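Right, one structure below, let's go through it.
From a predicted model like this one, the values you see are computed outputs, not experimental measurements. Each chain gets a letter, A, B and so on, in the order its sequence line appears, and its residues count up from 1.
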Amino acid sequence: MKYSIHTDEKWQKKWAEENLYRFDESKMNKKLYCLEMFSYPSATSLHCGHWYNYGVTDTWARFKRMQGFNVFHPQGFDAFGLPAENYAIKTGIHPKDSTDKCIATMLEQYKRLGGSYDLNYFLSTCDESYYKWTQWIFEKLYERNLAYQKEAPINWCPSCKTVLANEQVIDGKCERCGSEVTQRKMKQWFFKITEYADELLKCIDQLDWPEKTKKIQKNWIGKSTGSLITFDIDNGMQLQAFTTRADTLYGLSYVVIAPEHEDVMKLVKPEYKEAVQKYLEQAGKISEIDRISTVRERTGVFTGSYAYNPVNGKKVPVWIADYVIATYGTGFVMAVPAHDERDFDFAQKYHLPISRVIVDKNGAEKELPFCEHGKLINSEEFSGLTTEEAVPAIVKKLEKVGKGKLTTMYRLRDWLISRQRYWGAPIPIIHCPYCGNVLVPESELPVKLPYNVEFRPDGESPLARCAEFMNVKCPKCGADAKRDPDTMDTFVDSSWYFLRFPDNKNDKEPFNREKINQMLPVDKYVGGQEHATMHLLYARFFTKALRDMGYLDFDEPFQSLVHQGIILGPDGQKMSKSKGNTINPDGYIQKYGSDVLRMYLEFAFSYTEGGPWSDAGIEAMARFVNRIESLFDAFEKLEETSTDYGEAEKELEFVRESTVKAVTHDVELFQFNTSLARLMEYLNALNAYLHQAKPDKRFVKTCLDCYVVLLAPFAPHLSEELWEMLGHQGSVFNEPWPNVNEEVLKNRDKVIVIQVNGKLRGEIKVGVQAAKEEIEALAVQKVQSYIPEGQKIVKTIYVPNKLVSIVTK
RNA sequence: GCGGAUAUGGCGGAACUGGUAGACGCAACAGACUUAAAAUCUGUUGGGACUUUGCUCCCGUGCCGGUUCGAUUCCGGCUUUCCGCACCA
């Protein structure tokens, strides 16, 4: 035989005919939900990253299936989104048409990849039958006050002409097109993810996720415990400030409000209006142009107002400064220049008083600003307390007069989901002049995305220009009303698709509760790390919100998570069209077959690391396949002989069993490179045995059977072919994964290494039964000559099956 | 700036809870087959030393130090590269 793309086609056809990978809903006790992050149907074909994610994870899924799990391995498309729309703007091809076409092409490619998918559970987020339920979830969140509309300063990309989520702004630039992001105020829909900040944070520890990803998510949520302190202003207002250092309150020198704070103008005394106005204008510009700069000079302006320090009534000026941001905490902070770097710089610049109230633990007056914890001075009755003691004590004092309380603040902001774009799920809201925001009744869902729309962006939502779509009657009062012209962020679509997969045909509800309670959480989720603070956080939020609404009964969607690394171009740079270093997998499949490509990706990298593509590496994999084939050819030519079970057989059996053990262990942990290395070693051993004087054909046969079963998850098509060649009926994927015969591993003489004073001095071969004392005695005898003259053995350390370490003195 | 990760031959990468560092593969070199080449097969391959070319000795996992009979692995301090956050009060 000769493995090639034709072998792939033969078996793909067969698998499809026999529906080999169908999921058996009747065997829920051994279910295993294996999921790769679904992909975006893009104009180009599957790239190396897809193969690396889907092909390699498929190996794991197949391995689990052979281990007897009822593996649920679905596949679908995250089909809404900007690229299709941008493509449409460029070419004039409607997003729906280009997306449909891409999906058809990509499904064909998935087949060539040899994935063990059950496509009965296929879904695509742009189908009405899917986005109906995306809208339904929006409505449920709205009813539960987890969706709200707010006029807000938002990130606006002037080139994409759309709003961006915080997560889509990288260094002040649009993550897609790289244009400078500007600020605008618009009425936008938000999901109240902050409501779940605490739980999202707490549950992270229980997850079997990469530590790094957990850390990123924790930092993104950014919990900080501190206190809220209320300040009276001389105009009668009250403002609250959040601080983690209530202990420094006696060092208060001024207070600051963010320029974007909604109450800013109320604080400005008439004679300062002009100066403030000028400053605000300037500040607005800076935040647009210079937000990337790390060491931007802090600027500010005095309002004319004063605030009273709640601990001692001392009067301090109220400033406006751009180093305070409106969206974190209360947008109003207390400034203690002696013990905060930012306040210190600012105070120096504007000649505000700086007074020390903290010394270090030993009472030493360290150089200012001194920002560490320490001991209080000049703080009335609190002097002498440590930071840790003083914070609760001061807050307690303030609490008595209603001016302070301990609290928690999060860095996490609510999730802005409105997009002024066409290709997404419409927001199921009707704006009625009399009733306000009204939900589209559930019976009228989905709010269909109209086909004939001018989708070229001009700063307005494309849907706003579609009268047919926009004009409706209010479901409550029947008055003329307008639909919401925006669509939802595509991350909304992908925040619940894993819930839809197991029940993708349900037209009564998004998913059946019993069913998904059985099917979820996802047992193994595989995808890129770039989603750490977006998709992976949103999906967790959706799961928790739906749980609290009673639609499901688990807390976390993805129990175990793995990130694949990134495949770089041959030059070690990230693949990109502009650099011209992209690798298209198609040609390689054509030339070598999909199993070779799959095994190359598995063997050449450590899975979570990735690395540069190498043509030499893929050649090596093709050679590996050739070597397997010539081994099988040699086997077929072998005459029926039988030999007694001897040393050679014993050795090969040992290799076989240790391979089973190692491969089982390594695949489980996504260590495909070492798994394949073991299979190569086993192959070498088989070859050596076969080419010796008297190989036993029947014995070889049992070893080859085992070999093909072990190889199957890595090279599914090739293995089917070999399995057939060995005379078996039916698919190799119906074979059980072999158990390790531990007896064989034990029944082998051990080589024990001997060290004297840490240096390797020899080795001995001992029988399986040898006792510790016996081995030690043999070892001492063996290395007698290495024991320095006049010294005695003071200690002998025996590491079972490995070494004897002798210490002399 | 803060936080996290990383560092092993010419290269990709192995090494389980501290126990023969460099598995497996690539590249390279030598040999076999061949008129020749390719392919294939078989060897060698971290560096160094030799007046014993050897089941020899010494050095070697970014750098400096420590713990240990023994450290790629643990601890302390640097350096490198990558990543996350970046006025978060």
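- Remark: A/N684 pairs with no residue by the side-chain hydrogen bond (donor to acceptor under 3.5 Å, both in side chains) rule, at least two apart or across chains.
- Annotation: side-chain hydrogen bond (donor to acceptor under 3.5 Å, both in side chains) contacts of A/K366 (sequence neighbours excluded): A/D360.
- Taking atom P in both B/G10 and B/C85, one finds a spacing of 36 Å when rounded to whole Å.
- Annotation: A/F190 is not in aromatic contact with A/W415 [ring centroid separation under 6.0 Å not met].
- For the pair A/Q755/A/R761, no side-chain contact is recorded, criterion being any heavy-atom separation below 4.5 Å from C-beta on.
- The side chain of A/R411 contributes an N or O atom lying less than 4.0 Å from OP1 or OP2 of B/A86.
- Ring centroid separation for the pair A/Y707 and A/Y682 comes in under the 6.0 Å cut-off.
- The nearest whole Å value for the distance from the CZ atom in A/F332 to the C1' atom in B/A89 is 12 Å.
- Across all strands, A/G572 comes closer than 4.0 Å to no nucleic acid atom at all (heavy-atom distances).
- Between A/Y328 and the phosphate of B/A89, there is a side-chain N or O to OP1/OP2 separation shorter than 4.0 Å.
- The ring of A/Y3 has its center no closer than 6.0 angstrom to the ring center of A/Y592.
- Between A/Q529 atom CD and B/U6 atom P the separation is 13 Å, expressed in whole Å.
- For A/V753, the side chain to side chain contact (heavy atoms under 4.5 Å, CB included) partners two or more places apart in sequence, or in a different chain, are A/L760, A/L803.
- Nucleotides B/C29 and B/A14 are separated by 27 Å at their P atoms, to the nearest Å.
- For B/C55, its base never sits under 3.5 Å from the side chain of A/R761 at any donor and acceptor pair.
- In this structure, A/N757 and A/N687 both approach RNA chain B, and ranking their closest nucleotides by distance from the 5' end singles out A/N687.
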- Message: So if I define the base as every atom that isn't primed, P, OP1 or OP2, how would nucleotides 21-27 of chain B read as a B/S/- string at a heavy-atom cutoff under 4.0 Å?
- Response: --BBSSS
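- An anti orientation is assigned to B/C24, its glycosidic angle lying beyond 90° of 0.
- Base orientation for B/G4: anti, the chi torsion being more than 90° from 0.
- Nucleotides B/C24 and B/A86 have their C1' atoms positioned 43 Å apart, rounded to a whole Å.
- Nucleotides B/U6 and B/U17 have their P atoms positioned 14 Å apart, rounded to a whole Å.
- Residue contacts shown for A/Y786 are limited to sugar-phosphate atoms, with no base heavy atom under 4.0 Å away.
- A/R342 meets the side-chain hydrogen bond (donor to acceptor under 3.5 Å, both in side chains) test with A/D340; sequence neighbours excluded.
- Ring geometry for A/Y600 against A/F605 counts as perpendicular: the plane angle is over 60°, on a 0 to 90° scale with 30° as the lower cut.
- The side chain of A/Y607 places no N or O atom within less than 4.0 Å of a non-bridging phosphate oxygen (OP1 or OP2) of B/G12.
- For the OP1/OP2 pair of B/A14 and a distance below 4.0 Å, the side-chain nitrogens and oxygens of A/S606 include at least one atom meeting the criterion.
- A centroid separation of less than 6.0 Å is found between the aromatic rings of A/Y323 and A/F346.
- Across the P atoms, B/A5 and B/C75 are found 11 Å apart, a figure rounded to whole Å.
- Residue contacts for A/K212: at a heavy-atom cut-off of 4.0 Å it reaches a base atom on one of the strands shown.
- Pairs of Watson-Crick or G-U wobble type, with distances under 3.5 Å, assemble into runs of 3 or more in RNA chain B at these ranges: B:1-5 with B:81-85, B:10-12 with B:24-26, B:28-32 with B:40-44, B:46-49 with B:56-59, B:62-66 with B:74-78.
- Using a 4.0 Å heavy-atom criterion, one finds that A/V324 contacts the bases of the nucleic acid, with or without backbone contacts as well.
- Here, B/U73 and B/U68 have their P atoms 16 Å apart, quoted to the whole Å.
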